[in-house]
Amino acid sequence: MASMQFPEGFLWGAATAAYQIEGAANEGGRGQSIWDTFCRQPGRVRDGATGEVACDHYHRVDQDIALMRDLGLQAYRFSVAWPRVYPFGGGPLNEEGLAFYDRLVDGLLDAGIDPMMTLYHWDLPQALQDRGGWANRDIVEHFETYARTLFERFRGRVHRWVTLNEPLIVSQLGHLAGVLAPGIRSHEVNARVIHHLLLAHGKAVEMFRELDMPGEIGITNANTAYEPYDESSEHLAACELARDFDSRLFHDPIYGRGYPASVHKFYAERGAPFPIEPGDLPTIATPTDFLGVNNYSRRVVMADRRPIGFRFAEPTLPVQPMGYEEAPDSLGDFVRWVSKEYDSPPIYITENGRGDEDGTEAAMLNDQKRIELMRGFLAGLHDAIESGCDVRGYYAWSLMDNFEWAFGYSKRFGLVYTDYETLERKPKASARFYADVIRDNGLTGAT
Ligand code: BGP
């Protein structure tokens with residue numbers, strides 16, 4: 001393989017999320033989140049795991065920043081725990097919670113690492129869930145208050161902001177399949193959740209402009225690269241339908257196209273129309289500065305009469321412990337598709353990586369499969385950039401092994417190994433590989 005240089009100024013980072021790493025769930029004035037509740041419900045999370053301690057990042061923040069510096073990271077994407085800042089969702093502000101993020105952001109800036117702040121990565125204050133959560137339109141106002149607090153506090157220190165992480169997963173897995181918090185299964189609730197997530201995003205972007213905030217704001221969506229089973233018209237149409245229900249659902253409204261007609265019809269037919277009020281769609285379409293792309297794999301799509309009109313073909317590539325295919329081309333393919341579909345928005349890859357099934361420490365540290373897959377992902381991304389896609393940075397998921405939601409601690413996504421007994425961090429082979437990528441601004445010398 002020839003050397004693959006990324007554009008000058010390309011930003012190399014890693015990503016985490018508050019509930020997955022912070023721990024200190026009952027400290028510093030933090031309120032309860034829907035994940036604390038979900039973890040306490042028997043059978044919800046593998047092995048009854050919780051994020052109560054997680055990686056104990058809350059107490060080890062300085063050490064973790066030093067670790068990032070040692071890896072040569074240029075950027076770090078993290079999320080703020082809403083219940084640390086507003087323990088009851090609305091109501092009194094918890095200064096101690098904000099002070100934790102001051103320490104994190106200032107530490108990153110001192111280390112020359114660019115902070116990217118995600119406002120919402122799934123840990124909704126339980127007090128808001130008790131009032132209907134994302135299904136209740138009042139949440140939008142609470143989110144605005146929360147966003148304003150963070151904008152004003154971190155103005156000029158944080159330059160890259162993400163409103164929401166993967167609203168698709170919040171809705172689909174949290175409110176339809178019910179396998180993530182808050183564990184609801186309802187089309188009616190889900191339609192409301194989808195709309196209020198998008199509206200909260202739009203209101204935050206509007207506010208960012210009103211406050212004349214320096215820096216950039218965008219949203220991070222979850223994406224699968226869809227491929228038709230073959231080029232026949234029925235499978236091609238099924239593939240488009242899959243894209244409607246996944247990617248287009250959270251991209252079309254943001255890029256001013258409203259909801260995909262097929263999805264709109266699906267919910268309306270189930271007596272659960274999107275609760276759109278006058279002015280909502282223009283708010284949702286307030287222009288953003290970048291698109292955050294998360295991608296882990298692909299799916300091959302086939303036509304199917306029931307119930308939506310498509311289904312997924314059996315995997316033909318090796319299957320990862322997470323259950324999806326080892327598909328190195330998926331990242332570049334998705335970036336090409338989304339760039340074409342939405343007129344080449346500036347993109348940051350806000351997550352991409354691989355999860356290992358937990359095993360011996362020695363096996364986890366020698367993570368050759370992760371390296372191999374990352375190499376493939378990055379080669380595909382490089383091709384997409386060469387073909388004109390405007391990709392500005394890449395944040396590997398994840399900086400360190402952490403609480404993988406309903407999988408508990410059974411899956412390890414880190415570049416750095418977390419010993420959950422001692423909480424010691426140990427860089428894996430992939431961390432060294434990635435440090436070289438950063439140093440060389442690309443892939444060099446590999447065969
Ligand atoms: C994303 C989440 C991350 C992380 C990651 C793991 O959906 O934003 O928080 O958990 O997934 O990968 P997977 O998509 O396999 O769950």
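Worth saying up front: this structure is predicted, and the values here are computed from it rather than measured. In each ligand, atom 1 is the first atom listed, and ligand 1 is the first ligand listed.
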Under 4.0 Å, counting heavy atoms only: does [X] come that close to any atom of ligand 1?
X: His121; answer: yes
X: Tyr324; answer: yes
X: Ile169; answer: no

Shortest protein contact, [atom] (heavy atom only):
atom: atom 16 (O) of ligand 1; result: Glu404 OE2, 3.1 Å
atom: atom 5 (C) of ligand 1; result: Tyr296 OH, 3.3 Å
atom: atom 9 (O) of ligand 1; result: Gln20 OE1, 2.7 Å
atom: atom 12 (O) of ligand 1; result: Phe413 CZ, 3.3 Å

Q) Quick one: is the NZ or CZ of Arg270 closer than 6.0 Å to the six-membered ring centre of Phe266, and within 45° of its axis? A)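 Yes, Arg270 lies over the aromatic ring of Phe266.
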Q. Could you go step by step and tell me if Trp405 and Phe407 meet the ring pair (Phe, Tyr, Trp, His ring centres under 6.0 Å) rule?
A. CA-CA 5 Å; Trp405 309 112; Phe407 290 98; over 10 Å; no
Scan side-chain atoms only and decide if [X] and [Y] contain a donor-acceptor pair under the 3.5 Å cut-off.
X: Tyr394; Y: Asn352; answer: yes
X: Glu166; Y: Asn294; answer: yes
X: Ser79; Y: Thr118; answer: no
X: Trp337; Y: Asn223; answer: no

